[in-house]
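Down below is the structure, laid out as C-alpha cells.
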Amino acid sequence: MSLERIFDSADDAIYELRTTAPGPSGRLPLNPARLGHMASGDLFGLTQNAGMGWDPRKLNGKDFLILSTQGGIRAPDGSPVALGYHTGHWEVGLLMEEAAKVFTSHGAIPFAGYCSDPCDGRTNGTAGMLDSLPYRNDAAIIFRRLIRSLPTCRGVVGIATCDKGLPAMMLALVGARTLPAVLIPGGVTLLSEEAEDTGKVQTLAARFAQGQVTLAHAAEMGCKACGSPGGGCQFMGTAATSQVIGEALGLSLPHAALSPSGSMIWRDLARRSALAVMELERQGITTGDLLSDDSIHNAMVLHAAIGGSTNLVLHLPAIAFTAGLKRPTFADWMRINREVPRLVDALPNGPTGYATVQVFLAGGVPEVTLKLRSLNLLRLNARTVTGRTLGENLDWWEKSERRKKLRAKLQQLDDINPDDVIMDPARARDRGCVSTVTFVRGNLAPEGALVKSTAIAASLLDEQGVYFHEGPARVFATEAAAIAAVKSTGDKRIRAGEVLVLVGLGPTNGMPETYQVTSALKYMRDGAKVALITDGRFSGVSTGACIGHVSPEAWAGGPIGKVRDGDCIRLRIDTRELTGTIDLLGIDEAILQARPLNPLLVPDPRVPADTRLWAALQNVSGGSWAGCVYDHQRISALLAKGLEAEATSP
C-alpha cells in the first residue's frame with residue numbers, strides 16, 4: 001500500500017461538502033407551562049431526538065432504555081463486517097430491534113446503549129484473562145451511568161448473554177432500584193451436527209499435545225463447533241448458569257433462559273419483555289419492589305438444582321449487595337447445597353450431559369422450579385417481572401401449552417425424554433446425580449474453598465460417595481508453567497498421584513480462570529488420578545477433582561502459598577454430605593505459619609494497573625466470598641482513616 005493512499009484519498013467526491021443543511025421539519029410538542037419549567041437538558045434532549053430523525057409529533061411518548069452487550073458489526077444479511085469477541089453478543093442486536101419495535105408500536109420512545117463484553121473462552125490461558133473478572137464491575141458501572149444519563153427514562157430492558165456481561169447487566173438492573181427493569185438473557189448456541197461441543201473443543205490443543213487427536217481432526221472440529229452464529233455456550237457454564245440465575249431472581253420472564261439464539265421463540269421473548277416493562281411502569285412497580293432476600297434464596301436453590309458454575313459464588317453475593325439485600329455467606333452456600341438435590345443432567349456434569357438448548361426444550365428454569373416446589377425448598381411469594389409471584393408463575397407453567405409443546409418437540413427432534421434432562425428427585429437419585437458444590441476447609445484453606453462435586457467422576461468415589469486422594473505436591477506459580485507440565489510427555493510431566501498446586505492466581509492477580517489446566521487434565525493419560533488446588537477460579541465447564549477459591553490466597557499470606565514440591569497433601573471430599581478437607585500433612589501449624597512464601601511466587605508483570613486497583617478495592621470490601629464488590633462506605637472510611645493518619649504523622 002502506498003503512503004499516498006494513507007495520507008489522502010484519490011476520490012474527488014470527498015470534497016463535495018456543505019456547512020449548512022435544513023433542519024428537521026415540524027415543531028417540538030411544547031406548551032407554555034411545560035417549557036417554563038423544563039430543565040435545559042430535557043429541552044435539548046427533545047431537540048436531539050428530532051435531530052436523529054424521530055417524528056417530533058411523537059416526542060411525548062415515554063422513554064424506555066434498551067441496554068446490551070452487543071459486539072461486532074453485522075451486515076443486514078447477518079454476514080460479518082467486523083467480528084465480535086464471541087457468539088454470545090453477536091446476535092443480541094436483533095433482540096434490541098424486536099424490543100424497540102414493540103415500544104414504538106405502543107407510542108413509547110426506545111433508546112439504546114451498549115457496553116460490549118469479553119469472552120472468557122477467547123482469553124483463557126492468555127493475559128486477557130487478567131481483565132475478565134474486573135471487567136464485570138467496570139461494565140456494571142458503565143451500564144448504571146448510562147441509565148442515569150437518560151433522566152427521562154421510565155424503564156430499562158437489559159440484554160446480555162455471557163460470563164461477565166450478563167452478571168454486569170444484572171448488577172446494573174438491580175442497582176436501578178427506582179425503575180422497572182426486565183432482563184432478556186441472550187440465549188444459547190445450537191449444537192453442531194457431527195462436531196464436538198464448545199467445551200470439549202477447547203481441549204483440542206492439550207489432546208493434540210498428548211497424541212490423542214490428529215491435526216486434521218483438530219482443524220475440522222475447531223471450525224465446526226458452533227451450530228449457530230449467536231448465543232452462549234452449549235454447556236452449563238457461567239454464561240448459561242447466569243441466564244438461569246437471572247430468571248430465578250425474577251428479573252426475566254418465565255422460560256426466558258437458554259432459548260436458542262436466532263429462533264422465533266428467542267425473538268418473541270424480546271417482544272414480550274418490552275410489554276412486561278411497560279406494564280410494570282404502568283403499575284408503578286420497580287426493581288426495588290420486586291427483589292428481596294427470598295429472590296436471592298430462590299436463585300441459590302436453582303443454582304444447586306441445575307449443577308451451576310461455581311463462578312456464581314462470586315456473582316450472586318455481588319447482586320445481593322447491589323440490591324441492598326443480605327449477601328449469602330459461605331455457611332449459606334453450604335446449607336443450600338446440602339438441602340437441594342441436583343435435578344438437571346447437563347454438560348459438563350452428566351450422567352449423560354445434555355446441551356443447554358435441550359434443557360430449554362425440556363422446560364428450562366420453570367420446569368426445574370416446578371420439581372423443586374414439591375420439596376418445599378422455594379419461597380413462592382417472591383415477586384417477579386410478570387407482576388405475579390413465583391408460585392403464580394408456576395401455576396401458569398404447569399398447565400401451559402408452551403410446556404406441553406416444547407417437551408414434545410425435544411422428543412420429536414432428538415428422541416430425548418425430557419424427564420431424563422430435568423428429573424424429579426427420585427429419578428435424579430437413581431441416576432446417580434450428586435449435588436453441585438462441596439465447600440471445604442483445612443489447614444490449606446482456613447477461610448474456605450470449593451469444589452464442583454458434580455465434576456468428580458463416579459469412578460473416583462467409594463461406595464459412600466467419598467473422594468480421597470493423598471499425594472506429593474507439584475507447585476506452579478503461573479498457569480503457563482502448569483499447562484506446559486500437563487502437556488509434557490517428558491521428565492517434567494505431571495504424574496498420576498500428584499497434587500497440582502497452582503498458586504498466586506487469587507484476586508490480587510485478577511483471579512483468572514484456569515480452565516486451560518483443568519480441561520487438559522481431563523484428557524491427559526491418568527489425568528483423573530491428579531488432583532488440583534488453586535487460589536484462582538474455574539470455568540463452569542471444568543471437570544475433575546479441582547478445588548478452587550482457596551482462601552486466604554497466596555499473595556495474602558495464605559498457607560497455599562507456602563507449599564513446596566514434595567509436600568504431602570490429603571484431600572477428602574464427601575460428595576453426599578458435601579463436606580471436605582484439604583490439608584498439608586506432616587507439618588506443625590506453627591511451623592507452617594512461620595514458613596515463608598514459596599520463592600516461585602513473583603508478581604506477574606502482565607497484571608495491568610486497572611486490575612491492581614480493582615483487586616485493592618474489592619479486597620477491602622470483603623474479597624471474593626463477598627462478591628468482589630466495591631463497598632463505597634468501607635472504602636471511604638479506610639481512605640479517611642489513612643488520610644487522617646498521614647496528616648498527624650511527624
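Residues satisfying the side chain to side chain donor-acceptor pair (under 3.5 Å) test with Q593, not counting sequence neighbours, are none. Every residue was checked against the side chain to side chain donor-acceptor pair (under 3.5 Å) condition with S259, not counting sequence neighbours, and none meets it. Not counting sequence neighbours, S242 has no partner by the side chain to side chain donor-acceptor pair (under 3.5 Å) test. The ring pair (Phe, Tyr, Trp, His ring centres under 6.0 Å) search around F360 returns H255, not counting sequence neighbours. Partners of R342 by side chain to side chain donor-acceptor pair (under 3.5 Å), not counting sequence neighbours: none found.
Among all heavy-atom pairs drawn from L291 and A323, the shortest one is CD1-CB, 4.2 Å.
Contact of the T384 side chain with the T389 side chain is not registered, since no non-hydrogen atoms from C-beta on lie closer than 4.5 Å. Using a 4.5 Å cut-off on side-chain heavy atoms (C-beta onward), Q618 and V629 make no contact. Between H549 and W625 there is a side-chain heavy-atom pair separated by less than 4.5 Å.
Classified by interplanar angle (parallel below 30°, tilted 30° to 60°, perpendicular above 60°), the ring pair W333/H303 is perpendicular.
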Derivation and outcome, salt bridge (charged side-chain N to carboxylate O under 4.0 Å, His left out), residues R335 and D332: CA-CA 5 Å; R335 173 180 53 82; D332 292 330; 3.5 Å; yes
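Classification of E398 and K404 as a salt-bridged pair fails, no side-chain N sitting under 4.0 Å from a carboxylate O.
Within the structure, side-chain hydrogen bond (donor to acceptor under 3.5 Å, both in side chains) pairs that include any residue of residues 440-449 comprise E447-S551 (at least two apart or interchain).
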